[in-house]
Student: 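What follows is a structure written as structure tokens; I'll ask about it next.
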Amino acid sequence: MKQKVHSFFAVIITSAFFCFSSICHALPPKTFGGLDLNERDELLFTVSQEYKTLFSVQLAKQGLDSEFKKLTCYPELLTPLPFSDSLLIRNKYGSAVYSNVEKTLKWISDSEDLRPIKMSPDGKWLCYVEKEISGTEKLLLQNTSTGEKKLLVEKISVETGCVNVKWSPDSSFVLYEKNGFIYFMNPEMSFRNVSLSEKYRKIGKGTIQNVEWTLQKSLLYIDGDIIYRIHESELYIRGLYSSFTGGGAVIGRLLYAFDSSQDCFWCNSDGSQLVINTGNKFVTYCIVNEEKYDFVQPVIQQPLSIVPGAPLGCSVFWQLDGTPILWIDYIRYADKKNICSVYSLSDKIHLISSASNSIAPVLSPDRKYVAFSDESTFLLYSLDGWKETLAITGQNIVSAAWNNISGIYIGGKETVRYLEFKEIDYTVTKKDSVMFLSSVYKSFWHEGSVAAYTSSSSPAYLYNTDLNTWKEIDNSQNENPSAAMVQTNSNFRVFIGEADNTNYTNSVYIRTLDKNAFTYPLDGKAQQIAPVRKKASLIFDAASDAKGIGRILYILNKYDACGTFFINGEFIQRYPLETKLLSDSGNICASMFFCNVDLLNTTYMVDSDFIRQGLARNEDDFYMVTGKELSLLWHAPFNRYNSVIKEAGSKSGYLYVDASKIEYDCLVIPLSVGTADRDLEAVIVSLINDGYEFVSVLDLIEKSSSISE
């Protein structure tokens with residue numbers, strides 16, 4: 001029975017992801033290596049592009065006799081599939097399903113698709129985004145047993161990395177947003193075609209940030225400063241009579257209005273306590289006065305400036321004693337590293353742990369444990385007092401996903417493992433095993449099979465062709481396998497040469513050794529001339545708001561996109577730490593004058609000396625804060641200038657940047673710090689998908705000028 005369930009689920013997942021648009025990264029060129037040829041004319045080779053993937057292929061006299069076979073599977077995204085006790089793995093080479101019952105890995109798609117999904121807790125339903133040929137995107141609900149789909153939202157504004165729905169803990173309802181309103185749907189009734197019209201399933205104004213489920217079959221909905229509670233049993237009544245009854249039962253009021261475009265909140269199991277993140281600037285831990293319907297009672301309010309860096313975002317977990325744990329991700333000012341700090345909230349805030357380059361924390365299904373990482377250590381913490389339960393070292397962690405309350409998949413850069421653990425008399429016992437390899441350091445043919453090492457110090461692994469998995473070789477005799485890499489047999493010689501495609505650093509060639517000698521490339525794309533990519537530059541005005549600086553830098557780094565920041569003197573004075581973070585980020589820091597005024601306003605006497613002195617003052621202020629010099633690029637506040645202003649800057653050695661004047665196949669995207677972090681990732685992904693590469697604005701100016709001449 002489990003075999004049938006697993007196979008059918010694989011078909012459904014393939015169907016669900018077939019129409020997804022892939023999220024492209026600005027990837028480095030592909031590099032071939034690790035050539036090893038056996039006497040059966042089978043070639044092993046690796047492709048390096050962010051990570052090293054191992055392939056095999058059967059050679060033939062006039063070309064390849066089979067497609068490339070993937071022998072490793074990198075865990076960019078992991079999604080547990082509850083019904084089949086299986087795991088969905090996705091990366092740039094496609095999607096695969098690992099069966100924890102059959103211990104097999106099967107590839108179900110060769111198309112890259114790293115779009116997120118939101119599966120219901122019971123695994124019966126999933127929501128995902130599908131891109132239309134027209135370029136618009138829609139939100140769909142799918143039955144994982146039958147593959148049947150229902151449309152939730154025809155056209156959506158997608159925040160990359162998110163599916164904006166929230167499932168009830170018992171999977172009975174899903175909440176979604178559409179055109180500024182929040183709606184609910186019962187998937188069971190919807191697929192039986194007995195669901196009410198959408199207009200009777202409206203909860204109220206807002207986004208998915210306005211609502212949060214409790215564990216007691218109710219949800220909290222915040223409208224302005226009013227907190228409502230709606231029980232699952234009342235959803236349809238509220239929907240039918242919302243114009244008369246409002247948004248639910250009022251249980252309290254906030255001290256200030258909730259803005260769902262930038263705020264979010266978390267609640268405990270019964271909704272009696274809230275933690276609210278206001279604009280990623282400060283958090284408030286408060287008690288809901290449900291009996292009095294009064295203002296919430298603040299326990300503590302804490303600015304996020306408590307961390308020594310630019311905040312990226314927060315998560316909240318509730319300990320078994322009912323107190324909240326606050327997780328803050330940030331880019332540290334001192335060294336630009338991604339750090340997380342974990343705090344216990346009560347009437348005071350206490351730092352209880354921290355980690356570097358952690359994966360997103362993953363809460364166990366029973367809400368007793370949180371899994372995360374610290375560099376090359378996988379960590380498991382109990383929410384009973386935030387105590388370290390397990391620590392496994394040895395490799396950097398990429399992803400993690402819970403299978404059940406006593407099992408978790410750990411996706412590392414070298415291996416993907418399954419960890420089982422049990423609590424017996426308050427003692428944790430663990431059992432973990434390697435399921436398959438993520439990447440390889442060295443691979444070769446060994447006694448008719450494929451052997452590999454994942455690092456210079458790792459054990460040796462042997463590949464199982466039938467299961468598509470790997471097992472550690474028993475080295476009880478202290479003898480690890482080794483072999484010389486072979487590039488020639490009786491039929492072929494393989495070698496690495498130059499590639500014509502700029503998306504490849506090299507190319508693999510196969511030469512036949514019979515009398516009719518013939519040479520052909522392993523990958524024909526490496527010999528195809530790549531089209532010249534269009535150029536795009538991202539420029540940011542840093543004038544009066546530093547909100548989102550950390551997020552902007554994180555996204556630029558994620559997509560290897562360079563930005564140019566035009567920094568105003570008022571910004572430098574107000575946000576010296578953020579200014580230094582920008583100067584250390586590797587992006588270009590340019591000038592936007594020393595004050596944020598309209599230089600064409602007739603109220604001011606603006607002449608050449610005024611402009612030159614203002615630019616000089618901005619240089620000095622920037623140097624005092626950062627110890628570095630501004631680049632010699634500038635533009636006036638609000639880009640309001642005339643020939644006198646532009647000429648004055650030129651006399652000071654500055655080149656004026658007017659994005660509207662850059663033409664031809666170049667594209668400049670102007671954004672403002674404080675709002676850019678909301679849609680920056682979607683803009684970058686769209687440009688990459690449209691064939692653009694990111695360069696500095698100076699490169700665009702030079703190219704535009706050279707074409708003009």
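This is a predicted model, so every value here is computed, not measured.
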Student: Go through it in stages, so that I can follow the logic: the residues are R90 and S95, the test is side-chain contact (heavy atoms from CB on, under 4.5 Å), and I'd like the CA-CA distance, side-chain angles, deciding distance and then a yes or no.
Tutor: CA-CA 4 Å; R90 288 179 284 156; S95 302; 3.3 Å; yes
Student: Using the side chain to side chain donor-acceptor pair (under 3.5 Å) rule, take D329 and N338 through it: C-alpha gap first, then chi angles, then the decisive distance, then the call.
Tutor: CA-CA 7 Å; D329 288 303; N338 289 352; over 6 Å; no
Student: Checking Q58 side chain against R40 main chain: does a donor-acceptor pair fall under 3.5 Å?
Tutor: yes
Student: Say whether N489 and D41, considering side chains only, have a donor N or O and an acceptor N or O under 3.5 Å apart.
Tutor: yes
Student: Does anything in residues 492-506 pair up under side-chain hydrogen bond (donor to acceptor under 3.5 Å, both in side chains), and if so which pairs, sequence neighbours excluded?
Tutor: T31-T505, D500-Q527, N501-N503, Y504-D523
Student: First locate atom NZ of K150, then atom CH2 of W125, and finally report the distance between them rounded to the nearest 0.5 Å.
Tutor: 10.5 Å
Student: Compute whether any side-chain donor of one residue and acceptor of the other, for E76 and Y51, lie under 3.5 angstrom apart.
Tutor: yes
Student: Rounded to the nearest 0.5 Å, how far apart are CZ of F421 and OG of S364?
Tutor: 6.5 Å
Student: Check the side chains of Y418 and K103 for a donor-acceptor pair under 3.5 angstrom, ignoring hydrogens and angles.
Tutor: no
Student: Answer yes or no: is there a donor N or O on one side and an acceptor on the other, between the side chain of T415 and the main chain of L437, under 3.5 Å?
Tutor: no
Student: How far apart are the C-alpha atoms of Y93 and F55, what are their side-chain angles, what is the distance that settles it, and do they pass the ring-ring contact (aromatic ring centres under 6.0 Å, His included) test?
Tutor: CA-CA 11 Å; Y93 293 107; F55 295 86; 5.4 Å; yes
Student: Could I get the full list of salt bridge (charged side-chain N to carboxylate O under 4.0 Å, His left out) partners for D514, not counting sequence neighbours?
Tutor: K61
Student: Is the ring centre of W470 less than 6.0 Å from the ring centre of Y463?
Tutor: yes
Student: Donor-acceptor pair, distance only, cut-off 3.5 Å: does the side chain of Q487 make one with the backbone of V494?
Tutor: no
Student: May I ask you to say whether K534 pairs ionically with D690, meaning some side-chain N is under 4.0 Å from a carboxylate O?
Tutor: no
